[in-house]
Structures are given as C-alpha cells and as structure tokens.
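Here is the structure we will look at, set down as structure tokens.
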Amino acid sequence: MKVLVAVKSVPAVAGRIGLTPDERAIDTKHLSFTISPHEECAVEEAVRLIEKGGGDSVVVTLGPEAAVEQLRDALALGIARGIHLVTDGEEWDPESTAGAIVEAIRADEAESGPFDLILMGNESADSAGYQVAVRVAAALGRPVVTTIKGLAVDGRTVRCEQEASGGRDVFSLPLPAVVAVLEGLNLPRFPSVPGRLRAKSKPIATSRPARPEQRLEMQRLVVPQGATKQAEILGHGAEAAPKVVEVLSGLGLV
Amino acid sequence: MADILVLATSTAGVVDEVALQAITFGRRMAAAGAVHVFVAGDEAAAGALAGSGATRVHLARHDAFATFAPDAVAAALWQVAGEIRPAAIVGPGTEAGNTILARTAARAGLPFAANCVALTLGEPSTLTRLRWGGSLQEEAILRGRPAIASLAPHVVAAETADAAAPEVAPFTPALADADLVVRVVDRVPAASGGVSLADAKVVVSGGRGVGSADGFAPIEELAALLGAAVGCSRAVTMAGWRSHTDQVGQTGTKIAPNLYIACGISGATQHMAGAKGAKKLLAINKDAEAPIMAAADYAVIGDLHEIVPAISAEIRRVRGG
Ligand SMILES: Cc1cc2nc3c(=O)[nH]c(=O)nc-3n(C[C@H](O)[C@H](O)[C@H](O)COP(=O)(O)OP(=O)(O)OC[C@H]3O[C@@H](n4cnc5c(N)ncnc54)[C@H](O)[C@@H]3O)c2cc1C
Ligand SMILES: Nc1ncnc2c1ncn2[C@@H]1O[C@H](COP(=O)(O)O)[C@@H](O)[C@H]1O
C-alpha cells in the first residue's frame, strides 16, 4: 500500500492573534509552527496503515523553507519520505495549492506507482478553505470523502465513517481514493527520540513550483473585536462556593 | 441586479435554518434579480419555501438522492447553473454545504470561498470570510463567474419575505456513473445516553489544570447536579484523559449553552472558537491573568480541586434545605 498525507505549516497561535504592520500575515515573531490537529490524525492514520500492511508512505507540504520542520515531525512519527514544495512565503490559494500538490503526486506516481490512499485534513488550521482534498481528487479523477472520523481499509476498498445526527454515516470507496479527516479519527502518538533521530536521515525531495494567478486572493487580515469583558470575581478558593451558587440560582439552575 | 442560485440543504422534509440564512443572503445580493433555490431530492422541503424569498425552486429528482451523495448533488446543482447562468452560487457553510460547493467549484473549474460573512459581486467580487474557526477574518478578492461561496452559519438571520409561494420546477439531472460512487451506504446508530455537548444548555469543562483522567470525577459530579454535559480542552484529549467527542473548540465541538463553566482552561483562541456561542461564562482558574478572563462573565480564582467540590456541596446544601 502506498499512502500520501498532506500537511500545512501554520503558526501555533494561542492567545490574542497579532498581525504584521501590513496586516497581510500573522505576526509570528514569538510563535512556533505546527500543523492542524486534523492533519496530525491523518499522519497517525498513514503510519498505522503502513505499520499494519507494509508499503510506502510520503508526506507533502507546500510552504516556505521553514516548513521542512513540519515534514520532519511527520517523518519522526514514521512516515518514510517527504516532498517539500517550496514557496517564498507568500500565500497560495486553495486552487493553486491543490494544483501544485497534484503535479507532485503525478511526478511521484510516474516514478513509483499510484498512491492507494491520499489523506488530508478536512480544513487547514489557518485559512480553512474546505477544498484542497476535493480539488486534488477531482483533478486525479478519484473519489473523495470529507469530515471522516473512522477509516478502515479492506482489500481494494476503504470504509469511511462520518458523524451524522443520531449516528454515523458510512461510505465505501474503491481505492485509489482521497479522504479528508477530522481530529478524533485516532489518538496521535508523540514522537520518540529515536524517531526524531531517524527522521534526520529520511529523504525529502524539494522543488519550487511557480505560483499561478490567484483567484481567491487575500487582501487584508482583520482580528474581530470580541467583546472584552470585565469578569466579576466571585471570590477566591472554596469560600466562593455560596456566591457561585447564588449566580447559578439567578440563572435558574439551582 | 443579478440572478442568484442558492443551495438549500434539508433534513427529512425541513429546510435547514442555515439554508434559510443562505437564501436571505442570496436575496440581498440579488436585489431585483431572481433567487433560484436548488433542492436535491427532498420533495417536502422544496414545497416548504413559501415566505423564504425564493423566486423559483429547482427540485432535482433522482434515486441517487435517497442518501447523501455529494457528487450527485454537485452535478445537479451545476446543471441548474448552466441553465440559469447565475451571478453567484451560495449555500450554507456547514460541512455538507462546503463539500457540495467545493465539488461544484472543482467540477466547474472555478474558485470557491468558504464561510463568508460578506460578499459583494463584481469583477472581481470582494468578500470577507472566516479563518482560524472565526478567531480571524480575511478580506479577499474572488475572480470567477459565477462566484461560488458559502455563508458562515448564524451570521445572517433568516428573514421571511411576503412574496407568493415560489413555483417548484422538478427536473431529472443527467448523472454520470462517477457521480454515484460517493454516497452513504449505511448508518451506524449512536449509542444513546447523556446530554449532547452541542445541544447542552449547561456545559462544565475541564482543561490541563484538572491534572488527570481521575481528576474529572468532581467535574462530572458538578455536571450531573446541573444536568450539564461534560466538555474538555485539547490538552485533555491529547493526554488521553477524555475522548475527543468531549473536546470543545475549533477542531472539536462548537457549543452554545446558557452557561459555560470552564475549569483549569487557559482560553486559547482555538478553544474559545468553539465556546463563542455560550451566553454566560464562569472561569475557574488559579491564574487571575489567564486569557479566558477576558471572555468570562464570572470568575473564581484558585485551585479547581477545592472549588469544584465546594460548589457541588453547596448546591446539595441549598437543595436539601
Ligand atoms: C490548529 C489548532 C486547533 C486547536 N483546536 C483546539 C480545540 O478545538 N480545542 C482546544 O481546547 N484547544 C485546541 N487547540 C489547542 C490550544 O491552542 C491550547 O493548546 C489548548 O486549548 C490548551 O488547553 P488548556 O487550556 O487545558 O491548557 P493550558 O493552556 O495549559 O491551560 C491550563 C490552565 O489551567 C490553569 N490551572 C492549572 N492548574 C490549575 C488548578 N489546580 N486549578 C485551577 N486552574 C488551574 C492554568 O492557570 C491555565 O490557565 C488547537 C490548537 C491548534 C494549533
Ligand atoms: N500548503 C499546503 N501544503 C500541503 N497540504 C495542504 C496545504 N494546504 C492545504 N493542504 C491540505 O488540504 C487540507 C485542506 O485544506 P483547505 O482546503 O485549505 O482547508 C489541509 O488540511 C491539508 O491536508
């Protein structure tokens, strides 16, 4: 089995989001980088599939030089090799992102055969376009399902489960297929020290695709002004309990 | 003036609230133009659009729509677009709406903007859309006709129009075999029980500050006393203390309770992205400077391991007396 997983390097924002002076990017001076939790689950699933059935696994990212760190993280978890589509740091819209990933897939498949399964996040953590997986599948003429929280490969089919009201809806797709997953699909492992060491010598192929005209083009970012509240301090420690219960009574809960 | 095509999703004969919001959004863009509403398979929903502002309802009839089949829906929607040549195709920014519109855009070779809060048609169109689960917004340009976009849920209120009931035009879409491959083939019922997090009126959550899986016992006790659902932060699910189904946030469940009690949770943007719908927030945290304080209505400062059991005891005392 040959599996591809696609990850996007994004700043690990936690508190209030700060912007660069031109308001076209998040100020990342004091931030580390990570990938979406959905993509972490995609990586974990790819590693499990190969552990179980053997085969080849590849992680691809389109992003700046520094995004190689996110590839190394996936390699440390057990993915065999990486493909880095290097950008100069400018944003790529979902359509051109999918285009570049499709080119990379075609090149890799010409060398070493088709990917049975392509795993992606349901939506990227930052721009959340909800479409790269669908576009990649459409370009390759392969079936795609999104919002997947359960996945099992059986021979040449993949059974995929999606949460629905009152249960789970089941899809059954012929391989090769594309699956966009959600966090909760599995519980990702943490990288081990030997895993990190091995990752250093795993191969990463790089190329620099040309950025086409953007048809969904970000002009400016805006941090929405959430209403900052002045919390009413009900007290300190266990002594606050009667005051809390007063508030609960006021809300009709006690 | 522009003709707009709206994707209306429905559940067992009832048009989804978010789809009615998308129709209202479409009406505003159409001005004096026509508002075409597309419904896949659901006869009752198609007949229930009087007062929605729809000018005409296109009801696609096909066996493929017996269960969710997103490529079949996209194919039928794009077929209607080919006939009426709308200036825009819009729909709800739900998982179903986004996947159908993404598939429509991929099929059409057009760009797609998910989760918009504003869209002005033009050459190019301009829009505002959500990033980071709504913690950030982007102003963007969209180059493509028809403009294809989804509307973020609950940013536009559905408005009723006093127009006459729209004409329902049934048609049978021409679907290729490839459009029928992706479809729901089975349904696994959920193990019922407990209050669902998304619908709960009260949610009591624990974060890293709870310290362990066992540390959730007092949180569960308080939740039981209040008829609340138990939630948690991602730090907790990553540690394996609780299942991801309990996670509140950008990549977890979005909650909208009357009261949210967050214990030992710092209030990261991705957590708060799932808690914005809470009407009141009580934060229990040992750090009076934690970011969650800026979103809290009430706060108790101190160790949650002392505070939470004390609240439960006080509730019992008051109720018992
Ligand atoms: C793309 C992306 C998506 C994400 N999605 C989500 C998501 O859906 N949901 C989510 O929750 N997170 C999400 N995260 C993670 C998020 O950024 C934070 O890391 C996470 O929410 C932190 O959880 P926490 O508040 O429990 O832990 P911490 O940030 O470590 O905070 C612990 C808090 O507990 C307090 N505390 C400690 N001990 C006690 C005590 N004894 N009594 C009282 N208070 C105490 C501390 O003062 C502190 O405020 C996401 C991150 C990324 C990058
Ligand atoms: N720059 C990128 N590099 C690699 N994969 C990406 C990139 N952008 C998006 N993806 C993949 O496509 C998924 C959906 O992204 P999006 O359509 O932007 O929400 C992500 O979760 C990734 O798996």
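Letters A, B, ... mirror the listed sequences (proteins, then strands); counts begin at 1. Worth saying up front: this structure is predicted, and the values here are computed from it rather than measured.
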Notebook entry, point to check: How far apart are the closest heavy atoms of B:Met293 and A:Ala231, and which atoms are they?
Noted result: O-CB, 3.8 Å
Item checked: Side-chain H-bond candidate by donor/acceptor type, A:Glu123 with B:Asn98, under 3.5 Å -> no
Next item on the list: Mind checking the CG-OH spacing from A:Leu248 to B:Tyr298? Nearest 0.5 Å is all I need.
Entry: 9.5 Å
Notebook entry, point to check: Under the criterion side-chain hydrogen bond (donor to acceptor under 3.5 Å, both in side chains), which of A:Thr147, A:Thr146, A:Asn122 is the partner of B:Glu95?
Noted result: A:Asn122
Check: Does the pair A:Glu91/B:Arg131 count as a salt bridge with the N-to-O cut at 4.0 Å?
Finding: yes
Next item on the list: Counting only heavy atoms closer than 4.5 Å, note whether A:Ser127 contacts chain B via side chain, backbone, both or neither.
Entry: both
Next item on the list: Please look at A:Leu253 and chain B and tell me whether the side chain, the backbone, both or neither of the residue comes under 4.5 angstrom of a heavy atom of that chain.
Entry: both
Next item on the list: Could you tell me the separation between the CD atom of B:Gln137 and the CG atom of A:Leu221, rounded to the nearest 0.5 Å?
Entry: 10.5 Å
Notebook entry, point to check: Between B:Asp297, B:Val300, B:Ile307, which has the largest tally of heavy atom pairs under 4.5 Å with chain A?
Noted result: B:Asp297
Margin query: Ignoring hydrogens, what is the shortest heavy-atom contact between B:Asn115 and A:Tyr130? Give both atom names and the distance.
Written below: ND2-CE1, 3.2 Å
Check: What do the steps show when you test B:Arg143 against A:Glu217 for side chain to side chain contact (heavy atoms under 4.5 Å, CB included), and what is the final call?
Finding: CA-CA 8 Å; B:Arg143 298 183 176 94; A:Glu217 191 169 23; 2.9 Å; yes
Item checked: Exercise: identify the closest heavy-atom pair between A:Lys229 and B:Ala296 -> CB-O, 3.5 Å
Notebook entry, point to check: So what's closer than 4.5 Å to chain B heavy atoms on A:Val254: side chain, backbone, both or neither?
Noted result: both
Notebook entry, point to check: Say you draw a straight line from CZ of A:Arg135 to CZ of B:Arg103; how long is it, rounded to the nearest 0.5 Å?
Noted result: 12.5 Å
Next item on the list: Please flag which part of A:Leu187 lies under 4.5 Å from any non-hydrogen atom of chain B: side chain, backbone, both or neither.
Entry: side chain
Notebook entry, point to check: Do B:Gln270 side-chain atoms and A:Val13 backbone N/O form a donor-acceptor pair below 3.5 Å?
Noted result: yes
Checklist line | Side chain proximity check, B:Phe112 to A:Leu216, heavy atoms < 4.5 angstrom | finding: no
Next item on the list: Working to the nearest 0.5 Å, report the span between CG of B:Leu127 and CE of A:Met218.
Entry: 12.0 Å
Check: Would B:Glu314 and A:Val244 count as a side chain to side chain contact (heavy atoms under 4.5 Å, CB included) if you check the C-alpha gap in whole Å, the side-chain angles of each, and the deciding distance to 0.1 Å?
Finding: CA-CA 9 Å; B:Glu314 180 67 8; A:Val244 172; over 6 Å; no
Item checked: chain A contacts, top residue of B:Arg187, B:Glu306, B:Lys276 (heavy-atom pairs, under 4.5 Å) -> B:Arg187
Note to self: Working note: B:Leu136 + A:Ile26, criterion side chain to side chain contact (heavy atoms under 4.5 Å, CB included); need CA distance, chi angles, decisive distance, verdict.
What the structure shows: CA-CA 10 Å; B:Leu136 192 60; A:Ile26 291 178; 4.0 Å; yes
Check: Using a heavy-atom distance cut-off of less than 4.5 Å, which residues of residues 34-45 of chain A contact chain B?
Finding: A:Pro37, A:His38, A:Glu40
Next item on the list: Give, as side chain, backbone, both or neither, the part of A:Lys243 having an atom under 4.5 angstrom from any heavy atom of chain B.
Entry: neither
Item checked: Check against side chain to side chain contact (heavy atoms under 4.5 Å, CB included), B:Ile301 and A:Ile233 -> CA-CA 8 Å; B:Ile301 313 301; A:Ile233 308 285; 4.1 Å; yes
